[in-house]
Amino acid sequence: MDKHYDAKAAEAKWYPFWEKNGCFHDEPGEGTPYSVVIPPPNVTGILHMGHALNQTIQDILVRWRRMQGKNTLWLPGTDHAGIATQNVVEKALKKEGKRRQDLGREAFLDRVWEWKKQYGGTIVHQQRMLGNSTDWSRERFTFDEGCSKAVIKVFKQLFDEGLVYKGNYIVNWCPRCGTALANDEVEHEPNHGHFWYVRYPVVGSEKGVKGEPYADYVMVATTRPETLPGDTAVAVNPKDERYAHLIGKTVILPLTGREIPVVADDYVDREFGTGIVKITPAHDPNDFLVGKRHNLAEINIMNGDGTMNELAGEKYVGMDRFKCREAIVADLEEGGFLDHIEDLDNQVGHCYRCHEVVESRLSKQWFVKMKPLAEPAIEAVRSGEVKFVPERWSKIYFNWMENIQDWCISRQLWWGHRIPAYYIRGNACEEGTANSELVFVAETKEEALEQAKAKSGNSALSLDDLVQDEDVLDTWFSSWLWPFSTLGWPENTKDLDYYYPTCDLVTAQDIIFFWVARMMMAGIHFMKKPPFKNIVIHGIVRDAQGRKMSKSLGNSLDPLELIDMYSADALRFSIALITSLDCDTKVNKEKFEIGRNFTTKIWNAARFLEMNTPAEGFGEIAGELTADEKHILLATDKACKKLEEILENYRIQDGALVVYDFFWTQICDWYVEYAKDAPDKNRAFAILRDVFYKALKLLHPYMPFVTEEVAHQLGYLKDGETIMREKFPAGYSEEEKAAWGHTEEVYDFVEKKREAITALRALRAEYKVTPATFVKVTVATDDARAAGEVESLKKAMRAESIEFVPAGSDLAMPSKMTAFGTVYLSLEGLVDKAAEAKRIAGELAKLAGFIKASEAKLSNENFVSHAPEAVVAEAKRKLQENKEKVAQLEKLAKLFA
RNA sequence: GGGCUAUUAGCUCAGUUGGUUAGAGCGCUUCCUUGACAUGGAAGAGGUCAGUGGUUCGAAUCCACUAUAGCCCACCA
């Protein structure tokens, strides 16, 4: 084996090998499968730390289950990401000086597909670098033929069930993207804004002159003066006696001269602002509702791109909304309507894609009624049929689901599933009225024509007379079908039958509502079964300061760079080790050294084993095993069982710790050191070889590349074989254990022996006896097994002699008490007496405290009678031990006096 | 306003149903390089478990309140 592990070579060798040889692929078969669908990344995306974390967790679970012998499917794919992808292609067009409108819908879509063909493979290529064992032969895309079919079918079914409707509603509108956004696509951020106090003269009052207040007016405070031309009322709280006299009166809308009523509505907060609110139903969601209650006109004064339209008034037409704000404020001031301006901190919504300030806009949109879908999805979690891991996320899920709002699913984009609704050309419905008889939803235009003929009674209609809705569906409208559309639904495929429902869904907390909750609803509604059994929620990767990683902050770590620097295994292992499901993960580059160092350790340990392997190999493990040999076998057994239990509970981090400690501490630090000087080297190494392979298999889900490479280097596997499909070690059988005669006692005995070795090393360090010096050691113990360990103790302690004396012997030498016995170091060198005396005095003081506390505890009748016997006995033993320590130290103190 | 979570060593975090003198990694200090590994080995220092009160024989762990930090939802025009 080479002195250095070449991670890049191993990665370049093994991934293609696995993929080509179908190692990631299973066919539907017998038994309970283990199936997982990947959260599809945006096709425009590049791999970031969030993906690395998310996919490492999944791959660990998937590789582990596969090695357990389960029929396993991890299904990969990408999301067509409507807005994001369209934006990317539009940007490219812009460089050519074109807009999508210049190309027209079809040519533009061709262009996007072309882009997808060329660049859409970036992220799936990058996912391979991580070592993901996803079944690429089943890779899907939310906009591929099958998924599109599923989307259309689902839309039609929901429409037929009355769960989809088209309505004139106020929606969140991104003027930059030119589309509606769902509520949860809007991010609210704090904003330092202003409150403009504006006077609305009461009709009939004396008109003021420039610069002077009107004699009688109502004072309205607004943060959005530019929407003033759209006002159709002002509102006060009905219980507000200050303004009771105004209700029913009419005021004049400044700048326009239009007369608008004063209405009373509970929505108005008496305490906030002036207690009088201008009502702009077309540009504010609350005002919209007030408008409905009072039957107010809705005046839309803005274009889709955020400029003002003719209804805003001649002067403002074409003006950008923020420019218009300045203009209107100036004009109000000019006209004497502006009373004063205050600073105000409020929240402003931004587009989650492009960060533009979102506008509330009245428009016709499609919605899904969510309440009926949410109810069974709540029940599925409440009943325990579907579990959240960690469980606490279910509370957040319930909280959201119980307050769920209808979902705006139409988007004014071109890149996406076009809504399969058709209208008769020229009919009013073309503009889209709510659930008209003349809206035809069908899977094909031909079917829509049949409906149209039947419903309109006009059998002369042709395909040319029908127009399709211009809008496309929200991207999440395809991803909520992901767990079954990717398995072939609506066709009745073998995959669907065998792999649905999936087992675990692993994702970050930030898309519980976007995605997880909606998948639950879709799965239950269309498949009659929840789409997965466990929802595993992990944290978000943050930088060292705890900030979310983002391009704009420039604090992102690039997983590919980390792979290049430290290897994929290092990235995976480190991220697994530092990640807790319970909270967000803070990372910096240095943390990935842990994984890199571990990889190196594995490689070097393998080299050691290889160097010590004779050409003819090791023989059978025969003869009477030493205590250390039994110990490592049992430690292996324990590690296997522990890891199994840990992974069953999704404790990825704990699992990483277990394999790390097992390999590094148990195998390398202790057993390898033992093996170097073992009485029967051949047997000791035969055991090491056996244990080492088990360790590689335990490590494989965490570190697939180095384990595969080492397993081949050491000849555990032949060419063409893979560790991926080896059986995950479950420990040793009872028969095996009986054969090598292990007992828990032997295990504990070796643990004690190690304690004695450590104690001796500590004594050396305290008394500055260099490791090179051979020392005389005395151990006070009654353990009959001790005599058998003389040779191994001498090696480990670098002792020229070891003498055993009965326990309780009282020698005037520095010592440490251990569970093995009291270890004495014979001091032959010079020692700083004063320093020793001081150290001993400190230790005595510490012990006196413990003794006092435990004596108090033991003389407490309540403790002795209530606490379990074992606890009391342990307390007594400890007290006795500490007393002995004191006696020993006092004796020693005299030596240094 | 509604909901959720966290606060343990200098840093990042473990700590299973309450039960030895609260652990790990990194960092720090001291020592150690002739053969698996300095990306290493050995040893060590470092914590009144945010605070207060309660339950208990016994609390980092359970309960209440307080403080601080963070997240989510809804939002004030």
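Proteins get letters first, then strands, A, B, ... in listed order; numbering begins at 1 in each. Predicted model, so just to flag it, every value in this text is computed and none were measured.
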Note to self: Taking any heavy-atom pair under 4.0 Å as a contact, classify Lys676(A): base, sugar-phosphate, or nothing.
What the structure shows: base
Notebook entry, point to check: What interatomic distance, in whole Å, is found between C1' of rA77(B) and the corresponding atom of rA6(B)?
Noted result: 35 Å
Next item on the list: Could you measure between the two P atoms, the one in rU33(B) and the one in rA24(B), and give it in whole Å?
Entry: 27 Å
Margin query: Applying a 4.0 Å non-hydrogen cut-off, can you work out what Gly275(A) is touching in the nucleic acid: base, sugar-phosphate, or nothing?
Written below: base
Notebook entry, point to check: Only one of Val329(A), Ile341(A), Leu338(A) clears side-chain contact (heavy atoms from CB on, under 4.5 Å) with Pro225(A); which?
Noted result: Val329(A)
Item checked: Closest non-hydrogen atom pair, Ala656(A) against Leu577(A) -> CB-CD1, 3.7 Å
Note to self: Could you check whether any side-chain N or O of Asn237(A) sits under 3.5 Å from a backbone N or O of Val268(A), counting only pairs where one atom can act as donor and the other as acceptor?
What the structure shows: yes
Note to self: Under 4.0 Å, heavy atoms only, any strand: does Val864(A) hit a base, just the sugar-phosphate, or nothing?
What the structure shows: nothing
Note to self: Under 4.0 Å, counting only non-hydrogen atoms across every strand here, what does Thr599(A) touch: a base, just sugar-phosphate, or nothing?
What the structure shows: nothing
Next item on the list: Give me the ring orientation class for Phe573(A) and Tyr702(A): parallel if the planes are under 30° apart, tilted from 30 to 60°, perpendicular past 60°.
Entry: perpendicular
Check: For rC13(B), which nucleotide is its Watson-Crick or G-U wobble mate, given both distances must be under 3.5 Å?
Finding: rG23(B)
Check: Are the side chain of Asp287(A) and the backbone of His283(A) linked by a donor-acceptor contact shorter than 3.5 Å?
Finding: no
Note to self: Categorize Trp664(A) for me: base, sugar-phosphate, or nothing, with a 4.0 angstrom heavy-atom threshold over every strand shown.
What the structure shows: sugar-phosphate
Check: Which value, in whole Å, describes the distance between the P atoms of nucleotides rG53(B) and rA59(B)?
Finding: 13 Å
Notebook entry, point to check: What nucleotide, of rA36(B), rA43(B), rC57(B), holds the atom closest to the side chain of Phe863(A)?
Noted result: rC57(B)
Notebook entry, point to check: If each of Ile594(A) and His4(A) is mapped to the nucleotide of RNA chain B with the nearest heavy atom, which maps nearer the 5' terminus, i.e. the 5' end?
Noted result: Ile594(A)
Item checked: Between rA60(B) and rU8(B) - P atom distance, rounded Å -> 15 Å
Margin query: In whole Å, measure the gap between the P atoms of rC57(B) and rG18(B) for me.
Written below: 15 Å
Notebook entry, point to check: Looking only at atom types and distance, does a side-chain atom of Ser567(A) sit under 3.5 Å from a main-chain N or O of Ala570(A), one as donor and one as acceptor?
Noted result: yes
Next item on the list: Give Arg607(A) one of three labels, base, sugar-phosphate or nothing, depending on what nucleic acid heavy atoms sit under 4.0 Å from its own.
Entry: sugar-phosphate
Next item on the list: Write down the distance separating the C1' atoms in rU29(B) and rC72(B), rounded off to the nearest Å.
Entry: 45 Å
Next item on the list: Between Asn604(A) and Val268(A), just flag the one whose closest nucleotide in RNA chain B comes earlier from the 5' side.
Entry: Asn604(A)
Checklist line | Base paired to rA42(B) (Watson-Crick or G-U; both N/O distances under 3.5 angstrom) | finding: rU30(B)
Next item on the list: For rU61(B), give its Watson-Crick or G-U wobble partner with both distances under 3.5 Å, or none.
Entry: none
Next item on the list: Provide, to the nearest angstrom, the distance between the CG atom belonging to Leu289(A) and the P atom belonging to rC76(B).
Entry: 11 Å
Check: Nearest-Å distance, CD1 (Ile646(A)) to P (rG15(B))?
Finding: 11 Å
Checklist line | Rounded distance in Å - CD (Glu342(A)) to P (rC76(B)) | finding: 18 Å
Next item on the list: Measure from CG on Leu344(A) to C1' on rC75(B) and round the result to the nearest Å.
Entry: 13 Å
Check: If you look at every strand shown and take non-hydrogen atoms under 4.0 Å, does Phe598(A) touch a base, only sugar-phosphate, or nothing?
Finding: nothing
Next item on the list: Can you tell me, in whole Å, how much space there is between the P of rA50(B) and that of rU16(B)?
Entry: 14 Å
Next item on the list: Could you give the distance separating rG10(B) and rC28(B) at their P atoms, to the nearest angstrom?
Entry: 15 Å
Next item on the list: Could you check whether Asp287(A) gets within reach of a base, just the sugar-phosphate, or nothing at all, counting any heavy atom under 4.0 Å?
Entry: nothing
Margin query: Mind checking if Lys601(A) touches a base, just sugar-phosphate, or nothing, with heavy atoms under 4.0 Å?
Written below: base
Margin query: Classify Ala762(A) by what it touches in the nucleic acid, base, sugar-phosphate, or nothing, heavy-atom distance under 4.0 Å.
Written below: sugar-phosphate
Next item on the list: Indicate, with a heavy-atom threshold strictly under 4.0 Å, whether Gln653(A) touches base, sugar-phosphate, or nothing.
Entry: sugar-phosphate
